[in-house]
Protein chains: 2
Amino acid sequence: MARSPSRNPPITEHLAYLLAQANREINRQLEARLRDEGVPVEQWRILKVLSDGKGHSMGELADEVLLNHPTLTKMIDRMVSDALVYRAQDPDDRRKVLMYSSERGKALTQRLNALALRQEAHIAESYGDKATAELKRLLESLIDTAT
Amino acid sequence: MARSPSRNPPITEHLAYLLAQANREINRQLEARLRDEGVPVEQWRILKVLSDGKGHSMGELADEVLLNHPTLTKMIDRMVSDALVYRAQDPDDRRKVLMYSSERGKALTQRLNALALRQEAHIAESYGDKATAELKRLLESLIDTAT
DNA sequence: TCGAAAATATTGAACTTTCAAGAATAGATG
DNA sequence: CATCTATTCTTGAAAGTTCAATATTTTCGA
């Protein structure tokens, strides 16, 4: 008979593991594409989020690009050095720093978007449109539930 | 009319982003549970993989636990210091190092497995058995395709 | 309005990861 | 079998991340 208390599944059956593995692989592939422009995935995320032209505070941005606070600060320091983004003080709340993309940043963003889209297209093609859409739907729903 | 070449979806629609977000959140939660034992997620993975009692070479292990080579070496160094695992030379191929779990490691593994299973159960409950199973299935299939 | 508490961002030190190179062993080729 | 190449693992230096503490500004209650 199957004992119900304390099954012991292999690690490959844990959702946490499957997510980590899938994320690692897809991220690796995206990274390889972005290497053409010498930009880490996180910087693409930042540029993409900032491409709406509105100022984003460091706090907002950290959430949006999935980085924690001090990590973002230091990554932004590097991007400021590269003249991709710039800081401005929020006039309405002087504790806040608002981030904007520079012209140079915007131009780069377009090239990066094209590379990222190519990856999306590649996945949709090899993995299937239907499965891709369904996977995205389930992931969104998991994020909703888990957050 | 919709222009087909070069749509520009928000980042939240990219599979790479959704995977990163979901992984981050689930990993965070697992981390919080494992904190009871003061062990990082990666060390649980290592212990769990080694709990089959067979020797795993560093190369195999690195693949299995989703770490790259030098990172694993240094994490194993720490675990050896904590007497959780030990190294042995492979008699059949003296380039290889075989890793084993110690008794102390095995005892810890059991406690960690219980914590991890509780998370799995929590997810299955809040997110739904059906959705969880389907998500796992899709992730496995994505990994197959992408690897 | 004053002062305590909360929110926002940055910093420095400690720790971890990564990259490139190196050391050791095994396999292959002439 | 001698040597050349490939495989496996580790190391040291550089780069990146994280934790705890700090500085600044805002909010809120007495």
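Chain identifiers are assigned alphabetically (A, B, ...) following the order of the sequence lines, protein sequences preceding nucleic acid strands; residue numbering begins at 1 within each chain.
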Could you check if a side-chain atom of A:M58 sits within less than 4.5 angstrom of a side-chain atom of A:H69, using non-hydrogen atoms only?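 Yes, their side chains come closer than 4.5 Å.
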Heavy atoms, side chains only, cut-off 4.5 Å: are A:L84 and A:I46 in contact?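 No, side chains not in contact.
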Find the distance [X]:[atom1] to [N]:[atom2] and express it as a whole number of Å.
X     : N      : atom1 : atom2 : answer
A:D82 : D:dA15 : CG    : P     : 14 Å
A:H69 : C:dT8  : NE2   : P     : 8 Å
A:L67 : C:dA9  : CG    : C1'   : 15 Å
B:L66 : C:dT18 : CG    : P     : 12 Å
B:E42 : D:dT17 : CD    : C1'   : 13 Å
A:D90 : D:dT24 : CG    : C1'   : 14 Å
A:Q43 : D:dA15 : CD    : C1'   : 13 Å
A:I76 : D:dT17 : CD1   : C1'   : 15 Å

OP1 or OP2 of [N] less than 4.0 angstrom from a side-chain nitrogen or oxygen of [X], does that happen here?
X     : N      : answer
A:R87 : C:dT10 : yes
B:T71 : C:dT18 : yes
A:T73 : C:dT11 : no

Between A:R78 and B:L72, who's closer to the 5' end of DNA chain D by nearest nucleotide?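 On the 5' side of the pair lies B:L72.
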Go nucleotide by nucleotide along DNA chain D from the 5' end; which of A:N68 and B:L98 gets its closest nucleotide reached first?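 It is B:L98 whose nearest nucleotide is closer to the 5' end.
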As a test of reading the structure: which of [options] is closest to the side chain of [X], going by heavy atoms?
X     : options                : result
B:M58 : D:dT10, C:dA26, C:dT17 : D:dT10
A:K96 : C:dA9, D:dT25, D:dT17  : C:dA9
B:D93 : C:dA26, D:dT17, C:dT17 : C:dA26

Mind telling me whether A:H14 and B:W44 have parallel, tilted or perpendicular rings, with 30° and 60° as the class edges?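 Judged by the thresholds at 30° and 60°, the geometry between B:W44 and A:H14 is perpendicular.
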Evaluate whether atom CD of A:Q110 has more than 12 neighbouring non-hydrogen atoms of other residues, nucleotides or ligands under 6.0 angstrom away.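 No, not enclosed.
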First of B:P70 and A:K74 reached from the 5' end of DNA chain C, by closest nucleotide: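 Its nucleotide being nearer the 5' end, the pick is A:K74.
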Please figure out whether B:M75 or A:H56 has its closest DNA chain C nucleotide nearer the 5' end.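 The 5'-side residue here is A:H56.
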Residue pair B:T71 / B:N68, side-chain donor-acceptor N/O under 3.5 Å: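 Present: a donor and an acceptor within the cut-off.
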Any N or O donor-acceptor pair linking the side chain of A:R95 to the base of D:dT24 at under 3.5 Å?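 When only heavy-atom distances are counted, A:R95 does not reach the base of D:dT24 through any donor-acceptor pair under 3.5 Å.
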